[in-house]
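Below is one structure, written out as structure tokens, with a few remarks after it.
Indexing begins at 1, ligand by ligand and atom by atom, following the structure's order.
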Amino acid sequence: MSSSLVKMVLFCLRPVRRYALMIKDDEDDSDDHDDSLLWSRELERHSLGDFSMAVVQANEVIEDHSEVETGKGAVFVGVYDGHGGPEASRYISDHLFAHLIRNSRERGVITEETLRGAFSATERGFLTLVRRTRGLKPLIAAAGSCCLVGVIRKGTLLIANLGDSRAVLGSMNRSNKIVAEQLTSDHNAAQEEVRQELRSLHPDDPRIVVHKQGLQRPVLSAEPCVYTRVLQTSDKFVIFASDGLWEHVSNQQAVEIVHKHPRPGIARMLVRRAMNIAAKKKGMMYDDLKKVERGVRRFFHDDITVAVIFIDNELLMVEKATVPELSIKGFSHTVGPSKFSLFFS
Ligand SMILES: *[C@@H]1O[C@H](CO)[C@@H](O)[C@H](O)[C@H]1NC(C)=O
């Protein structure tokens, strides 16, 4: 069991800023091919169903990183919402999955424990990198990232989360209506708890909370929240997204959008919905927002990452996948082989 301390770098402490704005569920199907900051994978296969992914860039340098890894009878999703620069989220995107595969391979299973182990190994690696490079790149010490990952395998969904990204399950209830169930708790809601924890670890330093992005005291015993669910036939899809989406779209609105529209491009539709609402909040039209360049965009919305993983039930128990093992990274135009093959070999 990795009880090693998970330090501040992975932790995402941002002020709670949720808007409860109800907006008409209008169909914003305008063409957005002219939005060069919007990336998407309209619809791809994983061995248990389909998935759709989309990312919109708002920051000068994109801070959201993400990946979907497809394996035999398994799929892995990661959403890494960076802050204070892209270094932490990029590092997680480059290393966390490899750590998970290495850990899990030794034991032959992917478990809550191997997930936690992957989080702490990634964090140790990043801290080492920071120590090594901060002489040259002092700003790296201010970089952090939220980290949300999900794995579906053998009919079970595993989720680990640190920060305020969210996984939301869409399932059919007994009246055959789609209902949202949030599978993660927003870590920033527990902010006060975290502060108290920091204070008790560093009673001599009253500024510890102010120093939350510094590395002088990179100590926090907050581990990711890990959740396991045995999937039911009524569970239809899971939406993984950074808080850029959830700031503007409620859980229930999101699952209804996914449920009532065709699958291709569904992640892009969610991103666009959030941008649309963000534009309206600033008294702007979506068409004008599309022309706002990155960096300035940040005034209107955050980087937004959405991955929708459909769970096609009849495939859940199938071990022999016919889909290739691929690694698809958010905002990247190249697709590589997934390290999943190491786990299954
Ligand atoms: C199913 O969900 C709908 C919409 O949220 C709700 O009105 C209905 O009461 C629910 N039915 C059951 C059996 O829970």
Side-chain angles (χ1 to χ4, degrees), residues 16-29 43 46 48-54 75 77 79 148-152 154-161 163-190 225-281 286 301 304-317:
V16 182
R17 47 186 160 81
R18 306 238 173 272
Y19 311 104
L21 188 83
M22 297 308 291
I23 207 124
K24 250 187 95 244
D25 202 22
D26 51 340
E27 303 303 316
D28 36 281
D29 255 335
L43 197 69
H46 61 88
L48 310 168
D50 296 321
F51 69 95
S52 176
M53 244 175 129
V75 60
V77 190
V79 171
L148 165 64
V149 307
V151 188
I152 302 175
K154 294 196 167 166
T156 301
L157 168 66
L158 268 171
I159 292 202
N161 186 46
D164 57 12
S165 296
R166 245 185 238 175
V168 172
L169 175 75
S171 17
M172 306 306 292
N173 74 3
R174 266 171 286 149
S175 335
N176 217 28
K177 289 280 188 310
I178 192 80
V179 286
E181 185 181 333
Q182 188 172 323
L183 304 179
T184 48
S185 60
D186 300 339
H187 238 110
N188 62 3
C225 296
V226 183
Y227 169 85
T228 303
R229 179 191 186 91
V230 175
L231 291 164
Q232 313 293 309
T233 49
S234 50
D235 298 339
K236 298 301 175 193
F237 55 83
V238 187
I239 305 170
F240 295 84
S242 57
D243 80 322
L245 177 75
W246 308 116
E247 264 177 45
H248 303 295
V249 179
S250 73
N251 298 350
Q252 186 62 27
Q253 283 168 336
V255 298
E256 283 172 11
I257 290 169
V258 174
H259 183 64
K260 85 177 185 203
H261 292 94
R263 289 182 180 189
I266 196 64
R268 178 168 50 86
M269 181 178 275
L270 285 172
V271 164
R272 223 162 51 179
R273 181 65 52 93
M275 290 169 68
N276 218 325
I277 296 168
K280 281 180 188 161
K281 284 175 187 169
Y286 174 75
H301 63 81
I304 304 172
T305 299
V306 175
V308 181
I309 310 295
F310 291 96
I311 308 156
D312 292 328
N313 243 285
E314 62 278 17
L315 301 176
L316 261 182
M317 293 301 174

When you check the gap from the basic side-chain N to the acidic O, do E247 and K281 get nearer than 4.0 Å? no
Taking T305's backbone N and O only, do any of them form a donor-acceptor pair with S242's side chain (distance below 3.5 Å, no angle check)? yes
Value for CD1 (I152) from CG (L157), rounded to nearest 0.5 Å, stands at 5.0 Å
Closest non-hydrogen contact found for L231 with I311 is CD2-CD1, 4.0 Å
Of all heavy-atom pairs linking N251 and R166, the shortest is OD1-NH1, 2.6 Å
Lining ligand 1 at under 4.0 Å, by non-hydrogen atom distance, are residues N173, R174, S175, K177, V179
Heavy-atom nearest pair, L245 first then A274, reads CD1-CB, 3.9 Å
